[in-house]
Amino acid sequence: MKVLICSDSGRVAELAAQLLAGQVRGKPDSVLGLATGRTMESIYRRLVGIAGADGIDFGAVTTFNLDEYVGLSGEQAQSYRHYMRAHLFGHVNLDTARTHVPDGAARDADAEARAYEARIAGAGGIDLQLLGLGENGHIGFNEPLSALASRTRVVTLARATLVQNAGLFDGDPARVPTRAITMGTGTILEARKALMVVTGARKAGIAAQAIEGPVSASVPGSALQCHPDCIVLLDPAAASALKLRDAIEWQMRHDAELLAIQALGR
Ligand code: GLP
């Protein structure tokens, strides 16, 4: 795991967008793993800007989103398919047929989860997986105690997640669907590269556990410590509880890959 503490959350978004853009520039038929949530909104805004300014061609790109609520169709405003249309799909030349979000309205959600896993494999696996971190340590919707080897499946959401994600549901946790289809932690670990982005003081404690704590199903984000090629971008607030700060800053000043990332967009 390589950790980069950025000057502020704007720079986090800039670097994440630059890494995604660079992936597509370097491999126009990339398979991207995408995420939702507030953290991602500024990243997609920036990516759309870079794509427009630099003429990045998404025509051959395939995407797989991490998760979707069970019971919501892609037409509903709270669905992650809708989120992706609003923040990215509607603003770059992605071929809709190549964009994949689990179908939350599928009659058989378990079968949809298995088929989704097969579609990822059929596309040759994910080149670069973008990830946020839930306040309870979840990645995708792999809640605490999700098996580290879990695959795409139907999960029951944690109480903390219903509260965290109530914003789109009139602020009422009772209106948030209680189940979701999510890529498994094991599925996520198979992406060839992983990029986790964490911002804000509310996530400082859980970010420290995910980055420095023991690898544990109690903190699904900690599974990324096992990923062979994972970058974590943090703003100073999210980095504020890290104990290995000196070691991280040393790497930031000396590691060639981290130096190259810090030069992006300058
Ligand atoms: C949702 C998504 C997660 C995401 C999390 C963080 O729960 N399923 O994939 O990491 O939100 O959201 P935010 O960026 O809004 O804190």
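The first residue in the sequence is number 1, and the count goes up from there. When a ligand or atom number is given, it counts from 1 through the structure's own listing order.
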With a 4.0 Å cut-off on N to O distance, would you call R192 and D127 a salt bridge? yes
Starting from atom 12 (O) of ligand 1, find the nearest protein heavy-atom neighbour and note its residue, name and distance. Q164 NE2, 3.6 Å
Heavy-atom distances under 4.0 Å decide this one: backbone, side chain, both or neither, for D67 against ligand 1? side chain
How far is atom 15 (O) of ligand 1 from the closest protein heavy atom, and which atom is that? R38 N, 2.8 Å
Protein heavy-atom partner closest to atom 4 (C) of ligand 1 - residue, atom, separation in Å: T36 O, 3.8 Å
Between N165 and ligand 1, find which residue part has any heavy-atom pair under 4.0 Å and reply side chain, backbone, both or neither. side chain
For I181 versus A109, what's the shortest heavy-atom pair and its separation? CD1-O, 3.8 Å
Is H138 in polar range of ligand 1, meaning some N or O pair under 3.5 Å apart? yes
From atom 9 (O) of ligand 1, work out which of A160, G140, A180 has a heavy atom at the shortest distance. G140
Set of residues satisfying side-chain contact (heavy atoms from CB on, under 4.5 Å) with respect to L264, sequence neighbours excluded: L15, Q18, L19, I261
How far is atom 14 (O) of ligand 1 from its nearest protein heavy atom, and which residue and atom is that? T39 OG1, 2.5 Å
Identify, by atom number and element, the atoms of ligand 1 in contact range of G132, meaning under 4.0 Å from any of its heavy atoms. 10 (O)
Can you tell me how far CZ of F58 sits from CZ of F89, rounded to the nearest 0.5 angstrom? 10.5 Å
Can you tell me which portion of Y80 lies within the under-4.0 Å heavy-atom range of ligand 1? Options are side chain, backbone, both, or neither. side chain
Does E68 come within less than 4.0 Å of R179, counting only side-chain N to carboxylate O? no
Residues in side-chain contact (heavy atoms from CB on, under 4.5 Å) with A121, at least two apart? none
Any carboxylate oxygen within less than 4.0 angstrom of a Lys/Arg side-chain nitrogen, looking at R46 and E41? no
Does a salt bridge link R153 with D110, judged by any charged N lying under 4.0 Å from a carboxylate O? no
Any atoms of ligand 1 less than 4.0 Å from a non-hydrogen atom of K203? List them with their elements. 6 (C), 13 (P), 14 (O), 16 (O)
